Visitor: 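Below you'll find the structure I mean.
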Amino acid sequence: MKNRFGILPALLLSGIAFGAAAHDVDSPKPQLWSPVTHEVVQADIPEIRGVAADHVLPASDWTVNQADLGALDTLGNAQFNADLLLFGVFGVALLFALFVMINGKAKLTHGFSGKMVPRWSKTDVAVHWLGGIACIGLILTGLVMAAGRFYLDPLMMESRWQGLISAMVAWHNFLAFPFIVGALVMMVKWAPKQMPESCDLAWFKACGGYLNFGGFKGKHPDAGFANAGEKLWFWCFTLFGLVLIGTGLVLMFPALVSSKDAANLALVLHLIGALIVGAFSVVHIFMATIMSEGGMECMVSGQCDENWAKQHHNLWYDSLRRS
């Protein structure tokens with residue numbers, strides 16, 4: 001009887017030891033809160049893996065065909081790319097804020113007239129805010145996903161970082177769909193109003209009439225429904241917005257591509273598109289809300305003040321008055 005009771009503790013201890021040994025040899029699972037390491041896989045783009053540095057990653061039999069990465073090799077410095085994305089948003093915002101402080105706002109020469117002119121339809125306003133709010137959310141969640149591991153993770157408890165990054169990924173994926181709908185409708189619906197005109201070059205030469213010093217002060221260059229700066233923003237958003245949509249869908253649904261080369265290329269293009277659209281979005285927001293007096297009203301009510309129309313879009317206003 002005594003031997004039976006002696007066997008039980010021995011079996012229990014051996015079971016615990018076996019479990020610990022099995023845990024040590026088990027394949028490492030990615031942990032969002034673990035130290036970040038770089039792993040270069042068969043001349044592939046260096047990947048960021050959230051696994052402990054002392055783990056040995058299991059060998060992969062997936063061969064890749066990327067002997068010459070060229071410009072894509074810049075993805076190797078993950079923190080550099082994260083800092084670049086941060087500058088594209090917060091750095092540009094800071095520079096533009098300093099510019100507004102030094103230059104001042106572009107005020108209406110004759111003040112507000114009080115007479116409103118219809119400019120955008122209710123549908124235009126709705127799709128603008130659908131895509132615009134989703135775009136802001138995508139920028140912020142994307143920044144946390146790209147740079148949070150370097151600047152937020154070290155300041156947080158492991159469980160809180162895990163919860164934060166999981167929420168950011170979920171929101172990023174969710175906001176992608178209203179962004180796609182709003183962006184595609186704007187691209188198709190607004191493209192006819194964004195075509196080049198003969199007055200666009202002169203608009204750029206006068207810096208749009210937004211500078212309040214030197215020979216630029218007081219100038220109000222001709223512009224149609226959209227000025228040259230708005231056209232530049234629209235076509236930039238259209239081109240790189242389509243890049244973001246296409247590559248984002250690949251990143252969300254990797255089965256859409258047949259090779260890891262294609263997935264890596266989608267990631268690189270997504271980062272480039274995010275940098276450009278993010279920086280231009282900051283400028284667009286500043287121009288609409290702070291720089292141009294009376295500009296925000298256009299996308300709130302769909303109407304603009306008559307004096308704003310005369311000063312910033314005189315050719316469009318003249319054609320509207322004639323019709």
Side-chain angles (χ1 to χ4, degrees), residues 29-36 47-51 75 78-79 81-94 125-187 236-238 240-257 263-264 266-286 288-289 299:
K29 296 180 179 179
Q31 301 292 333
L32 296 170
W33 57 85
S34 299
V36 174
E47 297 180 359
I48 299 172
R49 297 178 181 271
V51 296
L75 192 65
Q79 185 157 2
N81 289 286
D83 293 341
L84 192 61
L85 289 172
L86 286 173
F87 175 79
V89 176
F90 298 111
V92 171
L94 178 61
V125 174
V127 296
H128 171 268
W129 289 112
L130 176 67
I133 293 175
C135 183
I136 294 173
L138 288 169
I139 290 172
L140 296 178
T141 54
L143 287 176
V144 175
M145 292 164 60
R149 68 189 69 183
F150 303 111
Y151 298 102
L152 297 179
D153 183 11
L155 305 177
M156 303 175 68
M157 295 175 59
E158 295 175 354
S159 59
R160 292 184 178 178
W161 167 244
Q162 179 192 22
L164 175 64
I165 194 64
S166 297
M168 293 299 99
V169 171
W171 272 106
H172 198 79
N173 293 340
F174 172 78
L175 291 171
F177 296 102
F179 172 77
I180 291 173
V181 173
L184 291 180
V185 173
M186 285 188 285
M187 292 173 188
C236 172
F237 175 79
T238 298
F240 291 100
L242 290 174
V243 170
L244 286 173
I245 291 172
T247 57
L249 289 174
V250 170
L251 296 176
M252 292 174 64
F253 307 104
L256 292 174
V257 294
N264 284 333
L267 175 59
V268 174
L269 293 177
H270 199 76
L271 292 174
I272 294 174
L275 172 64
I276 295 174
V277 171
F280 265 87
S281 295
V282 171
V283 176
H284 175 66
I285 292 171
F286 262 95
T289 61
M299 274 303 168

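Predicted model only: the values in this text are computed from it and were never measured.
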Visitor: For the pair F253 and F177, name the ring-plane relationship: parallel under 30°, tilted 30 to 60°, perpendicular over 60°.
Guide: tilted
Visitor: Once rounded to the nearest 0.5 Å, what's the spacing between atom CE of M145 and atom CG of L85?
Guide: 11.5 Å
Visitor: Can you pull out every side-chain hydrogen bond (donor to acceptor under 3.5 Å, both in side chains) where at least one residue sits in residues 84-93? Sequence neighbours excluded, please.
Guide: none
Visitor: Can you name the closest pair of heavy atoms from H270 and L251 and give their distance?
Guide: CG-CD1, 3.8 Å
Visitor: Of all residues at least two apart in sequence or in a different chain, which pass the side-chain contact (heavy atoms from CB on, under 4.5 Å) check with A82?
Guide: A147, F150
Visitor: If we only count heavy atoms from C-beta on, is the I276 to V243 side-chain gap below 4.5 Å?
Guide: no
Visitor: Are T141 and V169 side-chain neighbours, meaning at least one heavy-atom pair lies under 4.5 Å?
Guide: no
Visitor: Mind running side chain to side chain contact (heavy atoms under 4.5 Å, CB included) on V127 and V181 for me, showing each step along the way?
Guide: CA-CA 8 Å; V127 296; V181 173; over 6 Å; no
Visitor: For residues Y151 and D83, determine if any side-chain heavy atom of one lies less than 4.5 Å from a side-chain heavy atom of the other.
Guide: yes
Visitor: Between M299 and V125, what is the shortest heavy-atom contact and its length?
Guide: O-CG1, 3.6 Å
Visitor: So I245 and F179, do their side chains get closer than 4.5 Å, heavy atoms only?
Guide: yes
Visitor: Within the distance-only criterion (no hydrogens, no angle test), does the side chain of W161 pair as donor or acceptor with the backbone N or O of R149 below 3.5 angstrom?
Guide: no
Visitor: Atom SG in C236, atom NE2 in H284: separation rounded to 0.5 Å?
Guide: 12.0 Å
Visitor: Over all heavy atoms of both residues, which pair between A266 and V250 is shortest? Give the atoms and the distance, please.
Guide: CB-CG1, 3.7 Å
Visitor: Among L138, I139, I133, L140, find the residue that satisfies the side chain to side chain contact (heavy atoms under 4.5 Å, CB included) test when tested with L175.
Guide: L138
Visitor: Within a strict 4.5 Å, meaning less than it, do heavy atoms of the I285 and I136 side chains meet?
Guide: yes
Visitor: With a 4.5 Å limit on heavy-atom distance, are the side chains of V268 and I272 in contact?
Guide: yes
Visitor: Any idea which heavy atoms bring V92 and G88 closest together, and the distance?
Guide: CG2-O, 3.4 Å
Visitor: So which heavy atom on A183 is nearest to which on F237, and how close?
Guide: CB-CZ, 3.8 Å
Visitor: Do you know the tightest heavy-atom contact between L84 and L275?
Guide: O-CD1, 3.4 Å
Visitor: Kindly indicate whether the side chain of L164, heavy atoms from C-beta on, has any atom under 4.5 Å from the side chain of R160.
Guide: no
